[in-house]
Asks: 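Encoded as structure tokens, here's the structure I'll be asking about.
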Amino acid sequence: APESIITCVRAACSGMSFREGLEVEGREFVKLLFSVQSAALRHLFFAERIANRVPGLKEAPPPIRKVGIVGSGLMGGGIAVCFAQKGVPVVVLDAKQEWLDAGIRNICNIWSGQVKRGRLTEAKAQSYFGLIKPTLKYGDFSDCDMLIEAVPEIMPLKKEVFQALEKNTRPDAIICTNTSGLDIDEIASTLKDPSRCMGTHFFSPANVMQLLENVRTSKSSNRSIASCMAMGKLINKKAVLVGNCDGFVGNRMLAPYASEARQLAEEGATIDQVDAVAEAFGMAMGPMTLGDLVGHELFWKQRKAAGDMKKQTKTYMGPYELVDWLCENNRFGQKTPDPKIKATGRGLFIHSGRSKVVDPEVVTKLEEIRSAKGVTARAVSDEEVLERLFFPLINEGFRILEEGYATRSSDIDVVYIFGYGFPPAKGGPMFYAENYVGLSKLLERLSVYAAEAKKRYTTNPHYLPIDYFEPSQLLVECVQAERTGMRSKVPAGVPLVDAVLSYKKKSKGASKL
């Protein structure tokens, strides 16, 4: 569209007649109207609206008149802001007075900052703050309709919080956990009535990010599901219902993307190249920069706690050597400054305020890792980088649909556009696969990379086995359907994957939703 606008302006300034200028505009308009980008944006328009519809759910949600939040940190405070700005009273609890005071100050700072920038009046800010009740007592949750736990990702701690919530809340209150990856069924098992438990995976900062993954457990009631979907709509989130699998939808798909970024660097792609390819594709930032932003220590600590530094799950996988070296040297990313070199943060990059450069010591370490593994650096094309970053991510999306953890392919697109910075003009990863790449090409390239990966980890003992390039059975079936002419029988606007998935569900009735 920007290029077409320039073409039209150039025509207007070229001495053309008015009629000739209109003809240029007409040609550009028609070209854009029938472009894949236009189709992607129309797809997104409808995907946003259908995401909140849960097939078969007829239960009316109960009103949300008051909300309780456990944890006043960055996440808990952000969630509290969301509700207060919609006029809903919020009780915010923390374990220590100093933690609670710090959390309330941070909430105040959000609104005072908006007042200073002219986005909010002082009177409105005071009215919001008047809806926040800080407390150290679980008893203050007695009249809350919904409770959201937002404490650190420690299973015993979350179970302890749930037990305290059960003792101090109404039997019909919905109890939610904001975990980003722990097994919610296990957390819910501490309740006498686990049907009133849901996962509510907010994205940080919760008062800014639009996405909300509502996670259904194996025992969540229709009332609980309806309540959480209505809650998302109340606070203007893009709420998507997903199943309780490792990493849910977004983080599960992100894992192979992050893993391949590190693998590409070991094979010879530069850190800057990997990020540049992702950013040229349209991502808000590349995977290397994202790692420094989030912090490399999260899964490092989980592997240490498990006593297995080679452990792999659906949310994290090797190669680990570079990340382990960073964490052992306390270089988690932007959150770990290094005064010795006047760095505001140090990880893969040396950060100085908003600027960054690849750490030369990281480049040296990569050479050491290659030497230890017997790997010779090679030139990696941008095309290969792009395919190896995004194709396994998409493949995991097919697996999630196949396993029944997402209702429709467009829900995955909504998750990635509003939670992970996927470019809207490409419609989301599932739309991109079918309309930009082509399913046959996706299957063919995944098969090639799967063979290369298998050769790598079966011949070099330094590499851990991976399976994220192994094509999803659903993808294989979609390609088969495409080759037998099914595409022409699918209504316009309906993704082929959804048509195949619908046929499979009618045949088997399998779904985790």
Asks: Could I get the full list of ring pair (Phe, Tyr, Trp, His ring centres under 6.0 Å) partners for Y416, not counting sequence neighbours?
Replies: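 If we apply the ring pair (Phe, Tyr, Trp, His ring centres under 6.0 Å) test to Y416, skipping adjacent residues, the hits are Y420.
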Asks: Could I get the full list of side chain to side chain donor-acceptor pair (under 3.5 Å) partners for Y463, not counting sequence neighbours?
Replies: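 Expected list: E266.
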Asks: Tell me every residue that passes side chain to side chain donor-acceptor pair (under 3.5 Å) with K314, counting only those two or more places apart in sequence or in another chain.
Replies: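 Listed in chain order: E396.
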Asks: Can you pull the side chain to side chain donor-acceptor pair (under 3.5 Å) pairs that have at least one residue in residues 432-441, sequence neighbours excluded?
Replies: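 Counting only pairs at least two positions apart or across chains, the side chain to side chain donor-acceptor pair (under 3.5 Å) contacts touching residues 432-441 are E434-R487.
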Asks: For V249, which of V240, D411, V415, V414 qualifies under side-chain contact (heavy atoms from CB on, under 4.5 Å)?
Replies: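 Output: one option passes, namely V415.
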Asks: Does K124 have any salt bridge (Lys or Arg N to Asp or Glu O under 4.0 Å) partners at least two apart in sequence or in another chain, and if so, which?
Replies: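 Expected list: none.
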Asks: Can you run down the ring pair (Phe, Tyr, Trp, His ring centres under 6.0 Å) pairs that involve residues 26-47, sequence neighbours left out, and say none if there aren't any?
Replies: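 Matches after skipping sequence neighbours: H43-F431.
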Asks: What residues, two or more places apart in sequence or in another chain, satisfy side chain to side chain donor-acceptor pair (under 3.5 Å) together with K335?
Replies: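 Testing K335 for side chain to side chain donor-acceptor pair (under 3.5 Å), a comparison that skips the adjacent residues, returns E297.
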Asks: According to side chain to side chain donor-acceptor pair (under 3.5 Å), who are the partners of R354, at least two apart in sequence or on a separate chain?
Replies: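 Partners of R354 under the side chain to side chain donor-acceptor pair (under 3.5 Å) test: none.
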Asks: Quick one: which residue pairs count as a side chain to side chain donor-acceptor pair (under 3.5 Å) with a foot in residues 109-120, not counting sequence neighbours?
Replies: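 Every pair satisfying side chain to side chain donor-acceptor pair (under 3.5 Å) with a residue in residues 109-120: Q85-W111.
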Asks: Which distance, rounded to the nearest 0.5 Å, do you find between the CG of L446 and the CZ of F391?
Replies: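 L446 CG to F391 CZ: 7.0 Å, rounded to 0.5 Å.
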Asks: So, N330 side chain and T336 main chain: donor-acceptor pair closer than 3.5 Å or not?
Replies: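 Such a contact is absent between N330 side chain and T336 backbone.
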Asks: Kindly write out the residues that satisfy ring pair (Phe, Tyr, Trp, His ring centres under 6.0 Å) with F390, not counting sequence neighbours, or none if the list is empty.
Replies: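 Ring pair (Phe, Tyr, Trp, His ring centres under 6.0 Å) list for F390, sorted by chain: Y257, F281.
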Asks: With sequence neighbours left out, which residue pairs that include part of residues 279-295 fulfil the side chain to side chain donor-acceptor pair (under 3.5 Å) condition?
Replies: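 For residues 279-295: D275-T289, D292-H296, D292-H351.
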Asks: Once you round to the nearest 0.5 Å, how far does CG of L298 lie from CZ of R303?
Replies: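 Here the interatomic distance stands at 10.5 Å.
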Asks: Identify, with sequence neighbours excluded, every residue that meets ring pair (Phe, Tyr, Trp, His ring centres under 6.0 Å) alongside Y468.
Replies: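 Y468 satisfies ring pair (Phe, Tyr, Trp, His ring centres under 6.0 Å) with no other residue.
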